[in-house]
Amino acid sequence: MDDVGSWPRSTSEHGWKRSLGDRMWTKRTLPQKPSPHEEPFSQKHFQHTYQHPFRMSCIVSRTSPLLKQSFSRPRFSSCYAAGNGYQTTRGYTFAICRDVPSSFANALSKYSEDDEPVNLENAVKQHQVYLDKLRTLVPTYCLPALDEYPDSVFVEDTVVAVGNRAVITNPGHPSRRGEVDTIKEVLVRMGIDVVDMREENPEAMLDGGDVLYTLRHLFVGLSERTNREAVTILQNTFDLETIAIPFDKSNALHLKSIVTNLDPNTLVAPSGLLGDQVLDAMSYVELGYDAIRLPNMLACNVLEVNGNILAQDGGCEESREILSRAAVDRELSIQFVDNSEMAKVDGALTCCSALLLGH
């Protein structure tokens, strides 16, 4: 099936086909063989209709084999300038996710306070709800599970992307380093300018969960999984001020286990000493950020997508009320999702997607 049917089209010198008056772009690629690490993608991984908040519809359609048919993406930006001259929301154009592997119960876990074993069936159901909600906010491309890598559903750790550039990471735990190759393959075929950290400096290691991008800065947590060599590569790749943030590794896996952002100018961090230390290290006041403090640290991991918030329903009513009020005050929509199975293995909402920000 042709993505754009019989609509009028014109082909630019770069090979992009335009239709519906600049609202849809499609890129034709030649058939490619699937990666040896993945099964060919089925129709369910590739097709859905996305309704943009501004009521612009676009279709993302795929059939196997990998990236054989067109890639369609909306050309839009929901960024707008606030009175302080800063943008107040981001225009993400695409999300990459991955299905839960059958080996998920063996995922790495160090910080979770939940002693209950992972329930794989519940994990799959919760992840599907997450995907369904994400697909209402941004076109979402879900890769098949990699059963040989129990942590592979946490795709955020494999890539850091800003605009049309992306850094493929070298995950800090050796058991996760085989997850990145298929992500790299997808990004290259999408036309993203990819820098492979492993080729830049084999000593560098980075989990994407340590990188908080706010449009103005890249804050990079120096965790057990991320080092200063990786910070240098990010600084050299992106035209952004990149700030290394040390924090107490005994209390959290990643920087974004502690702090995320409700919008590009508002940070969300836990009440207490750990939150104080991280926010001070970020110099958030001097850099012009506001901060919302929550009593529950798990609730501090929120996912902002084009003016919409996905938050974790972690059972802390006070945190839920604070976030809801903050979203209303900023004219953001907010939805709460159950992420309890992911949390059993140190996972959070942001871990389960890699968002691409267009310009």
Side-chain angles (χ1 to χ4, degrees), residues 90 110-111 154-163 165-173 176-177 179-180 183 187 193-270 274-289 291 297 300-304 346-351 353-357:
R90 291 171 282 194
K110 179 178 178 179
Y111 298 92
F154 302 131
V155 293
E156 176 189 47
D157 291 325
T158 64
V159 60
V160 176
V162 177
R165 303 205 79 186
V167 171
I168 291 296
T169 70
N170 187 28
H173 197 283
R176 300 201 59 192
R177 291 175 183 165
E179 300 172 24
V180 301
I183 301 297
L187 294 175
D193 181 11
V194 173
V195 173
D196 193 324
M197 178 171 289
R198 300 166 297 179
E199 299 171 359
E200 296 293 310
N201 183 352
E203 299 301 315
M205 64 179 190
L206 174 71
D207 277 10
D210 277 316
V211 181
L212 178 61
Y213 172 49
T214 67
L215 289 182
R216 292 187 282 137
H217 301 94
L218 278 181
F219 296 104
V220 186
L222 298 176
S223 69
E224 291 183 350
R225 307 275 183 90
T226 296
N227 60 18
R228 290 189 180 274
E229 289 81 359
V231 177
T232 299
I233 292 173
L234 294 177
Q235 178 73 74
N236 293 339
T237 302
F238 302 116
D239 186 22
L240 284 166
E241 184 177 2
T242 303
I243 304 171
I245 307 297
F247 64 89
D248 186 350
K249 302 177 182 65
S250 66
N251 286 314
L253 175 62
H254 293 135
L255 177 66
K256 283 160 74 171
S257 304
I258 307 169
V259 58
T260 55
N261 51 327
L262 198 68
D263 63 32
N265 307 308
T266 307
L267 304 176
V268 184
L274 181 60
D276 291 343
Q277 291 172 339
V278 170
L279 289 175
D280 288 345
M282 295 173 73
S283 301
Y284 81 104
V285 174
E286 294 85 344
L287 294 177
Y289 293 97
M297 190 167 82
C300 294
N301 185 272
V302 300
L303 183 67
E304 185 270 310
D346 300 335
L349 287 182
T350 61
C351 301
S353 57
L355 299 174
L356 305 184
L357 181 68

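Computed from heavy atoms alone, side chains included, the values below leave out hydrogens, waters and symmetry copies.
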Donor-acceptor contact present, side-chain [X] to main-chain [Y], <3.5 Å:
{"X": "Asn170", "Y": "Arg198", "result": "no"}
{"X": "Asp276", "Y": "Leu279", "result": "no"}
{"X": "Ser223", "Y": "Arg225", "result": "yes"}
{"X": "Thr237", "Y": "Ile233", "result": "yes"}
{"X": "Asp207", "Y": "Asp157", "result": "no"}
{"X": "Thr266", "Y": "Asp263", "result": "no"}
{"X": "Arg165", "Y": "Val160", "result": "no"}

Original post:
Can Arg176 be said to sit on top of Phe154's aromatic six-ring, NZ or CZ under 6.0 Å from centre and within 45° of the ring axis?
Top reply: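 No, Arg176 and Phe154 do not form such a contact.
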**OP:** Please indicate whether Glu286 has more than 12 foreign heavy atoms, meaning atoms of other residues, nucleotides or ligands, lying under 6.0 Å from its CD.
**Re:** yes
Hey, what do you get for [atom1] ([X]) to [atom2] ([Y]), rounding to the nearest 0.5 Å?
{"X": "Met282", "Y": "Tyr289", "atom1": "CE", "atom2": "OH", "value": "7.0 Å"}
{"X": "Thr242", "Y": "Phe219", "atom1": "OG1", "atom2": "CZ", "value": "10.0 Å"}
{"X": "Met197", "Y": "Glu200", "atom1": "CE", "atom2": "CD", "value": "8.5 Å"}
{"X": "Leu253", "Y": "His173", "atom1": "CG", "atom2": "NE2", "value": "10.5 Å"}
{"X": "Leu356", "Y": "Leu187", "atom1": "CG", "atom2": "CG", "value": "6.5 Å"}
{"X": "Leu240", "Y": "Leu218", "atom1": "CG", "atom2": "CG", "value": "5.0 Å"}

In the structure I gave you, are the side-chain heavy atoms of [X] and [Y] within less than 4.5 Å of one another anywhere?
{"X": "Leu234", "Y": "Val220", "value": "yes"}
{"X": "His217", "Y": "Leu287", "value": "yes"}
{"X": "Leu206", "Y": "Val211", "value": "yes"}
{"X": "Leu222", "Y": "Asn227", "value": "no"}
{"X": "Leu255", "Y": "Val259", "value": "yes"}

Closest approach of [X] and [Y], non-hydrogen atoms and distance?
{"X": "Arg216", "Y": "Gly288", "answer": "NH2-O, 3.6 Å"}
{"X": "Asn261", "Y": "Tyr213", "answer": "ND2-O, 3.8 Å"}
{"X": "Ala166", "Y": "Val159", "answer": "CB-CG2, 3.9 Å"}
{"X": "Met297", "Y": "Pro270", "answer": "CG-CG, 3.9 Å"}
{"X": "Ala281", "Y": "Pro246", "answer": "CB-O, 4.3 Å"}
{"X": "Thr350", "Y": "Val302", "answer": "CG2-O, 3.4 Å"}

Original post:
Stepwise, does the side chain to side chain contact (heavy atoms under 4.5 Å, CB included) test hold for Phe238 with Val167?
Top reply: CA-CA 9 Å; Phe238 302 116; Val167 171; 3.8 Å; yes
Subject >> Test side chain to side chain contact (heavy atoms under 4.5 Å, CB included) applied to Lys110 - qualifying residues, sequence neighbours left out >> reply: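 Checked Lys110 against side chain to side chain contact (heavy atoms under 4.5 Å, CB included); matches are Glu224, Asp346.
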**OP:** State which residues pass side chain to side chain contact (heavy atoms under 4.5 Å, CB included) with Glu199; sequence neighbours excluded, sorted by chain then number.
**Re:** Lys184, Asp196
Original post:
Do Asn201 and Glu203 have side-chain atoms, one donor and one acceptor, less than 3.5 Å apart?
Top reply: no
**OP:** May I ask you to decide whether Lys256 forms a salt bridge with Asp210, counting only side-chain N to carboxylate O separations under 4.0 Å?
**Re:** no
**OP:** Only one of Thr214, Leu267, Leu349, Asn301 passes side-chain contact (heavy atoms from CB on, under 4.5 Å) with Thr260; say which it is.
**Re:** Asn301
